[in-house]
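By convention in this document, chain letters (A, B, ...) are assigned in the order of the sequence lines, proteins followed by strands, and residues within each chain are numbered from 1. All heavy atoms count here, side chains included; hydrogens, waters and symmetry mates do not.
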Protein chains: 2
Amino acid sequence: MRAVFYIASRSSDGARPGIREIAENINSPGHFLAKILQKLSKEGIICSVKGPNGGFYIEPQGLKRPLADIITALEGNEIFTGCAMGLSYCSESNPCPLHHEFKQVRNRLTQMLYNTSIGAFKQELLDGALTLNK
Amino acid sequence: MRAVFYIASRSSDGARPGIREIAENINSPGHFLAKILQKLSKEGIICSVKGPNGGFYIEPQGLKRPLADIITALEGNEIFTGCAMGLSYCSESNPCPLHHEFKQVRNRLTQMLYNTSIGAFKQELLDGALTLNK
DNA sequence: TTAATAAAGGACAAAAATGTCTTTTATTTG
DNA sequence: CAAATAAAAGACATTTTTGTCCTTTATTAA
């Protein structure tokens with residue numbers, strides 16, 4: 001789950017890096033990465049091409065999608081909706097003591113992840129160190 | 001890890017509920033609860049008395065401690081310090097693209113958990129539904 | 001002082017998350 | 001079309017987290 005954004009930043013700029021190349025650059029077990037990429041491509045976040053010279057890439061429109069989409073695809077959306085204390089009964093109509101205050105924090109996080117596109121994140125990475133080895 | 005705050009809210013008001021009593025009221029496996037309570041009592045957040053009529057309680061001064069202490073005791077403080085993306089290289093001097101913005105969100109959460117005492121949380125629970133069965 | 005009670009502690013078991021390996025399928029290039 | 005390449009897919013292994021059980025130790029009350 002860690003190695004998510006690396007793909008995003010690498011796979012673009014026209015090229016189509018393969019699993020091995022990506023794995024080396026982000027310092028992650030290749031076979032494990034493969035599974036994650038499979039999920040992401042099934043969810044339509046990244047695209048893949050089989051065969052020689054194949055690999056992964058992201059379409060221009062895909063770069064516009066928010067980081068939140070990646071999280072949702074990989075881990076579901078509990079982060080965006082769950083209670084701070086993990087209380088199952090907690091809801092808008094039956095809030096736990098921290099519910100309202102926490103909701104603000106959570107909403108801000110949600111906003112942040114929805115307002116930051118994969119492309120923007122990538123751009124900042126390229127501008128900076130690009131140290132993605134975990 | 002879920003069943004944390006329940007103890008806090010129950011064990012006070014002079015009584016010393018035992019594991020069984022607590023477990024039933026919060027709908028959690030008793031033996032598992034026991035381990036959590038052990039940790040918390042080792043950390044000095046709750047107190048325990050062995051023998052007949054023994055059980056768990058929290059001293060008045062303990063009620064003043066922030067919720068954050070419970071979290072730290074049980075899960076460490078990565079929540080309060082870690083990077084949103086789980087990037088190990090991310091730090092103040094080498095920030096990831098979301099670092100600064102996320103830090104604000106995280107600090108707000110931290111503040112919230114430090115400003116809310118166990119006692120205050122308990123009070124709100126007693127005032128409200130007190131539905132703590134998970 | 002002894003019997004009953006209840007937490008402490010450690011060993012063990014199950015489930016989930018993480019990671020590895022092998023086979024299959026699709027694509028491209030010669 | 002054949003061979004090589006690379007992702008897809010699923011089986012399998014390891015590790016971590018979560019949960020259970022049993023024995024020991026401390027305390028209280030009769």
Working for side chain to side chain contact (heavy atoms under 4.5 Å, CB included), residues A:Phe102 and B:Met112 = CA-CA 8 Å; A:Phe102 176 67; B:Met112 186 175 103; 3.5 Å; yes
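With DNA chain C read from its 5' end, the first of the two nearest nucleotides for B:Gly18 and A:Pro52 is the one closest to B:Gly18.
Of the side-chain N and O atoms in B:Ser48, none sit less than 4.0 angstrom from OP1 or OP2 of C:dA6. Within the structure, a side-chain polar atom (N or O) of B:Ser41 is placed less than 4.0 Å from OP1 or OP2 of C:dA8.
Separating the CG atom of B:Asn53 from the C1' atom of D:dA26 is a distance of 15 Å, rounded to the nearest angstrom. Whole-Å rounding puts the A:Lys39 NZ to D:dA7 C1' distance at 17 Å. Going from atom CD1 of B:Ile19 over to atom P of D:dT27 covers 16 Å, rounded to whole Å. What separates CD1 of A:Ile46 from P of D:dA6 is a distance of 16 Å, to the nearest Å. Note: NZ (A:Lys50) to P (C:dA26) measures 6 Å, nearest angstrom. Summarising the geometry, the separation between CZ on A:Phe56 and C1' on D:dA6 is reported as 9 Å, rounded to the nearest angstrom.
Proximity of a side-chain donor or acceptor of B:Asn94 to a complementary backbone N or O of B:Cys90 within less than 3.5 Å is not detected. Between the side chain of A:Ser41 and the backbone N or O of A:Gln38, at least one donor-acceptor pair lies under 3.5 Å. Side-chain N or O atoms of A:Thr81 include one that pairs as donor or acceptor with a backbone N or O of A:Asn77 at under 3.5 Å.
Note on A:Gly55: only backbone sugar-phosphate atoms sit closer than 4.0 angstrom, heavy atoms only; bases stay farther off. Residue-level contact check: B:Leu37 touches neither bases nor backbone, having no heavy atom under 4.0 Å from any strand.
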Using a 4.0 Å cut-off on protein heavy atoms (strictly under), produce a 5'-to-3' string for nucleotides 9-16 of chain D with B for base contact, S for backbone-only sugar-phosphate contact, and - for none.
-> B-B-----
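The side chain to side chain donor-acceptor pair (under 3.5 Å) check on B:Arg106 picks up nothing, with sequence neighbours excluded.
When all heavy atoms of B:Ile36 and B:Leu74 are compared, the pair lying nearest together is CG2-CD2, 4.0 Å.
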